[in-house]
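Read through the structure below, which is laid out as C-alpha cells, and then see the notes.
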Amino acid sequence: MSLPFRLSVAVPLYNEEKVLPEFLRRTRSVIDSLAGGPHEMVLVDDGSADRTLAILEEAAAADPRLVVVALSRNFGHQAALTAALDHCSGDAVVLMDADLQDAPEAIPLFVEKFQQGYDVVYATRASRKEAWWLKLSYFLFYRLLAMLSELSLPVDAGDFALLSRRVVEQLRRLPEHHRYLRGLRSWVGFRQIGIPIERAERHAGKSKYSLRKLMELASDGIFAFSIVPLRAAILAGLLATALSVIFALYAVYARLFLNRSPQGFTALVVLITFLSGILLFFLGIIGEYVGRLYEEVKARPLYIVGKTVGWPNPHGEQGTRRAR
Ligand code: UDP
Ligand code: MG
C-alpha cells in the first residue's frame with residue numbers, strides 16, 4: 001500500500017477530564033510524526049458528567065483534526081466505540097482507550113503492519129499492570145471463550161487495534177446490540193495479526209468499568225459467540241436420564257433377587273434439589289438467550305448523538321457514511 005494515507009484515531013471517553021489533556025498531547029505528537037494525512041481523531045463523549053466534553057470542544061475549536069461526537073447519555077464503552085467507528089473517515093482506524101493504558105506510541109507499529117497489507121492489527125497483552133484477581137479473571141475468561149466459541153478468537157487481545165477501511169465498513173453493517181467488538185473484529189475476517197504490546201496502568205482517574213459492567217461484557221462475549229451453553233443442557237439431560245435408568249434397573253433387580261427395596265429419604269431430597277438446581281440453571285441460560293433476542297427484536301439504535309463538532313470531516317474521501 002502506498003502513502004499517503006489518512007488515519008483516524010477513535011476514542012470513547014467517559015468522565016476522563018483528568019487524563020484528557022495528557023492524552024491529547026501524547027496522541028497528537030504521535031499523529032504529527034506519521035506520514036500522510038491530514039489524520040483525524042474522533043472523540044466520542046459517552047455522556048460524561050464532568051468537564052470532558054467542555055475540554056473536547058475547546059480542543060476541537062483550536063484543532064481541525066479533531067472530530068467530537070457527544071452522545072445524548074452514557075451508552076457504555078462498546079456503544080461509544082461503535083459511534084466512533086461510525087464517524088471515522090480515514091483509510092484505517094485505530095481504536096484506543098483514553099486513559100493511556102493503550103500507549104499512543106504503539107500506533108506507528110500498527111500502521112507499519114497495515115502498510116504491509118494487514119486489515120486488522122490488534123494488540124495482545126504481553127503483560128498487564130492490574131490487580132492479581134483481575135489478571136486471573138482476564139486469563140481464564142479469554143481461554144473459556146476461545147474454548148466455547150467456534151470462531152478462533154485470539155486470547156488476551158482487547159479492543160486496542162487498527163482496522164482497515166473495509167473492515168470498518170463491514171463492522172458498520174452488523175446491527176447487533178450486545179456488541180463484543182473484539183469478537184466481531186475476528187468474525188469479519190481478512191488478514192489479521194496480533195502484536196504484543198504492554199498494557200500500562202491507567203494514567204489518572206478511576207476505571208469506568210464497574211465489576212458489573214465487566215461481567216456484562218464477558219457475558220456478551222460468551223452469549224454472542226457461542227451456543228455451547230444451550231447444548232450443555234442436552235448433555236446434562238442425557239446424563240441425568242442415563243443415571244436414572246441405571247438406578248431403576250437396579251431397583252427392579254434388588255426387589256426380585258435380593259428381596260430388598262431401596263430406601264432413603266435423604267437421598268431423595270438431595271436428588272430433587274440437585275435436579276431442580278440444574279433445571280433452573282438451564283432455564284436461566286435459555287432466558288439469557290431469549291432476553292438477548294428480545295433486545296435485538298426491539299432494534300433500538302445503539303446510541304443517540306446529541307451534538308457533533310467538526311463532523312463530517314471535509315477531508316473524508318467519500319464523506320462518512322452512517323449505517324444507523
Ligand atoms: N468508557 C466509555 N463509556 C463507559 C465506560 C468507559 O466510553 O461507560 C471509556 C473510558 O473513558 C475509557 C475506555 O472506555 O476511555 C475504557 O474504560 P476504562 O479504562 O475505565 O476500562 P478498563 O481499562 O478499566 O477496563
Ligand atoms: Mg482503562
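Atoms within a ligand are numbered from 1 in the order they appear, just like the ligands themselves.
- For the residue pair Q101 / R202, no side-chain donor-acceptor distance below 3.5 Å is found, with atom types taken as modelled.
- In this structure, a donor-acceptor pair under 3.5 Å is present between the side chains of E40 and S8.
- Close contacts of ligand 1 with K213, meaning ligand atoms under 4.0 Å from a residue heavy atom, involve 4 (C), 5 (C), 8 (O).
- Atoms of ligand 1 found under 4.0 Å from any heavy atom of Q101 (numbered from 1 in listed order, with element): 19 (O), 22 (P), 23 (O).
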Exercise. Might you work through the ring-ring contact (aromatic ring centres under 6.0 Å, His included) test for H203 and F23, ending with a clear yes or no?
Key: CA-CA 9 Å; H203 179 73; F23 171 79; over 10 Å; no
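- Each protein N/O/S atom under 2.8 Å from the Mg ion (ligand 2) was counted, for a total of 2.
- Heavy-atom contacts of N74 reach the following atoms of ligand 1: 3 (N), 4 (C), 8 (O) (cutoff under 4.0 Å).
- Using modelled atom types, one finds no donor on one side chain facing an acceptor on the other under 3.5 Å when comparing D32 with S29.
- Annotation: A80 places no N or O atom under 3.5 Å from an N or O atom of ligand 1; distance criterion only.
- Per-residue contacts place A98 under 4.0 angstrom from the following atoms of ligand 1 (heavy atoms of the residue considered): 15 (O).
- Residue E16 has at least one heavy-atom neighbour below 4.0 Å for each of these atoms of ligand 1: 10 (C), 11 (O), 12 (C), 15 (O).
- No side-chain donor from either of R255 and Y250 sits under 3.5 Å from a side-chain acceptor of the other.
- Between F160 and F110 there is a side-chain heavy-atom pair separated by less than 4.5 Å.
- Set against the non-hydrogen atoms of R199, the atoms of ligand 1 under 4.0 Å away are 23 (O).
- Residues K307 and E57 are paired through a salt bridge, judged by an N-O separation under 4.0 Å between the basic side chain and the carboxylate.
- Residues near V297 contribute nothing to a hydrophobic cluster around it, because no ILVMFWY side-chain heavy atom sits closer than 4.5 Å to its side chain.
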